[in-house]
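Okay, structure first, notes after.
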Amino acid sequence: MKIAILGGTGNIGKGFALRWGQMHEIIIGSRDLEKAEAVAAEYNEVLEKYGHMATITGTDNRTAAEKADIIVVAIRYSQLGPVMEMIRPFIENKIIISVVVPMEKNMCYISPGAKHLTVPIESKEFNSEYFCFSMPEAGSAAQEIQKMLPDNAELVAAFHTVPAKKLADLEMELDYDIGVCGNSMYSKEIVFGLVNDISNMRPLDVGPLETAAMIESLTPLLINVAARNEMKDISLKFI
Ligand SMILES: NC(=O)c1ccc[n+]([C@@H]2O[C@H](COP(=O)([O-])OP(=O)(O)OC[C@H]3O[C@@H](n4cnc5c(N)ncnc54)[C@H](OP(=O)(O)O)[C@@H]3O)[C@@H](O)[C@H]2O)c1
């Protein structure tokens, strides 16, 4: 399959390119053609080291979207608008995959609390950072993206809970479950296949696009749990 990764020069784009570049034709999209070409060459070098044919190419986001059958939107939520508007005329009858998580960092005050209790504990006051899901007007990033698509493009939301670093590390077996949302069973099945293409990942049907907020909001949860419990780049498995 021909897969364009818009924002493919970024953190999560790299992992998709390296994983799917082993069996699909990958086109890295960027705002900057030369940057895309340089990054594609870098990804090809990595794949060659692992004994794979290196055929990843790089171009501008518009051309990438125009050339591909499947378009992965791997850009931050706040930066989406102009890119989606630019590619809109070129994505009719195509499958769009949103991995976008609208989230923001907040700060709150944590007090030592319970000073009156008789059990003495060591605790301090501090300002604590945490991430939270920043719900867009439509309910989720996927539903916002849906509004920016032509009627005959099919949107699937997936991969929100995959940590970029581990995805890009080809030594890592990713024993993760991937929630997939969308309103077209055909497009969801294509995405299930792309999930299955990545080591031990398992696709799970979460429901229609209206359920996308549920999987998008798992990402800030994972980041908060990791930060507070000396864990790194964690993901999800349903057991
Ligand atoms: N990082 C993760 O672990 C992870 C996991 C799951 C989902 N996600 C989601 O994936 C998306 C990308 O995350 P990321 O961490 O990969 O982001 P990132 O590395 O910060 O950015 C991705 C790419 O966006 C492009 N970009 C930067 N500013 C832009 C602008 N103003 N307009 C258009 N494009 C711009 C850049 O490409 P060019 O400079 O080449 O144009 C950049 O390489 C986000 O929506 C995030 O929520 C991330």
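Sequential numbering from 1 along the given sequence is applied to the chain's residues. In each ligand, atom 1 is the first atom listed, and ligand 1 is the first ligand listed. These numbers were taken from a predicted model, which means no experiment stands behind them.
The residue among V83, I12, L218 with a heavy atom at the shortest distance from atom 48 (C) of ligand 1 is I12. Of the candidates I75, N11, L33, V39, I75 brings a heavy atom nearest to atom 44 (C) of ligand 1. The option from A158, G8, G10 that lies nearest to atom 21 (O) of ligand 1, judged by heavy atoms, is G10.
The protein non-hydrogen atom at the shortest distance from atom 7 (C) of ligand 1 is V99 O, 3.2 Å. Considering only non-hydrogen protein atoms, atom 47 (O) of ligand 1 sits nearest to V101 N, 3.1 Å. The protein atom (non-hydrogen) at minimum distance from atom 40 (O) of ligand 1 is S30 OG, 2.5 Å. Scanning all protein heavy atoms for the shortest distance to atom 33 (C) of ligand 1 gives R31 CD, 3.5 Å. The nearest heavy-atom contact from the protein to atom 22 (C) of ligand 1 is A74 O, 3.5 Å. Nearest non-hydrogen protein atom to atom 37 (O) of ligand 1 is T9 OG1, 3.0 Å. What sits closest to atom 17 (O) of ligand 1 on the protein, heavy atoms only, is R76 NE, 3.6 Å. Counting protein heavy atoms only, atom 1 (N) of ligand 1 is closest to A164 CB, 3.6 Å.
When only modelled atom types and interatomic distance are considered, H52 and N44 share no side-chain donor-acceptor pair under 3.5 Å. Neither side chain, T9 nor R31, offers a donor N or O lying under 3.5 Å from an acceptor on the other. For the residue pair E171 and Y50, a side-chain donor N or O sits within less than 3.5 Å of a side-chain acceptor on the partner.
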*Using the side-chain hydrogen bond (donor to acceptor under 3.5 Å, both in side chains) rule, take S140 and Q143 through it: C-alpha gap first, then chi angles, then the decisive distance, then the call.*
CA-CA 5 Å; S140 64; Q143 287 164 292; 2.8 Å; yes
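Every residue two or more places apart in sequence or in another chain that forms a ring pair (Phe, Tyr, Trp, His ring centres under 6.0 Å) with F159 is listed here: F16, W20.
At a heavy-atom cutoff of 4.0 Å, ligand 1 is contacted by the side chain of K35 but not by its backbone. When heavy-atom distances to ligand 1 are checked against a 4.0 Å cut-off, K165 has no atom that comes that close, whether in backbone or side chain.
Interface of G7 with ligand 1, defined as ligand atoms under 4.0 Å from a residue heavy atom, comprises 22 (C), 23 (C). If you number the atoms of ligand 1 from 1 as listed, the ones under 4.0 Å from a heavy atom of V100 come out as 45 (O). Of all the atoms in ligand 1, the ones that sit under 4.0 Å from a non-hydrogen atom of F159 are 6 (C).
In this structure, K14 NZ and I5 CD1 are separated by 12.5 Å, a value rounded to the nearest 0.5 Å.
Applying the side-chain hydrogen bond (donor to acceptor under 3.5 Å, both in side chains) test to pairs two or more places apart or on separate chains, none has a residue in residues 73-84.
In M23, the CE atom is crowded: over 12 heavy atoms of neighbouring residues, nucleotides or ligands sit closer than 6.0 Å. Surrounding CE of M185 are more than 12 heavy atoms belonging to other residues, nucleotides or ligands, all under 6.0 Å away. K232 NZ: 12 or fewer foreign heavy atoms inside a 6.0 Å radius.
Using a 4.0 Å heavy-atom cutoff, V162 is listed among the residues neighbouring ligand 1.
Of the candidates T219, V73, I75, V100 forms a side-chain contact (heavy atoms from CB on, under 4.5 Å) with just one, namely V73.
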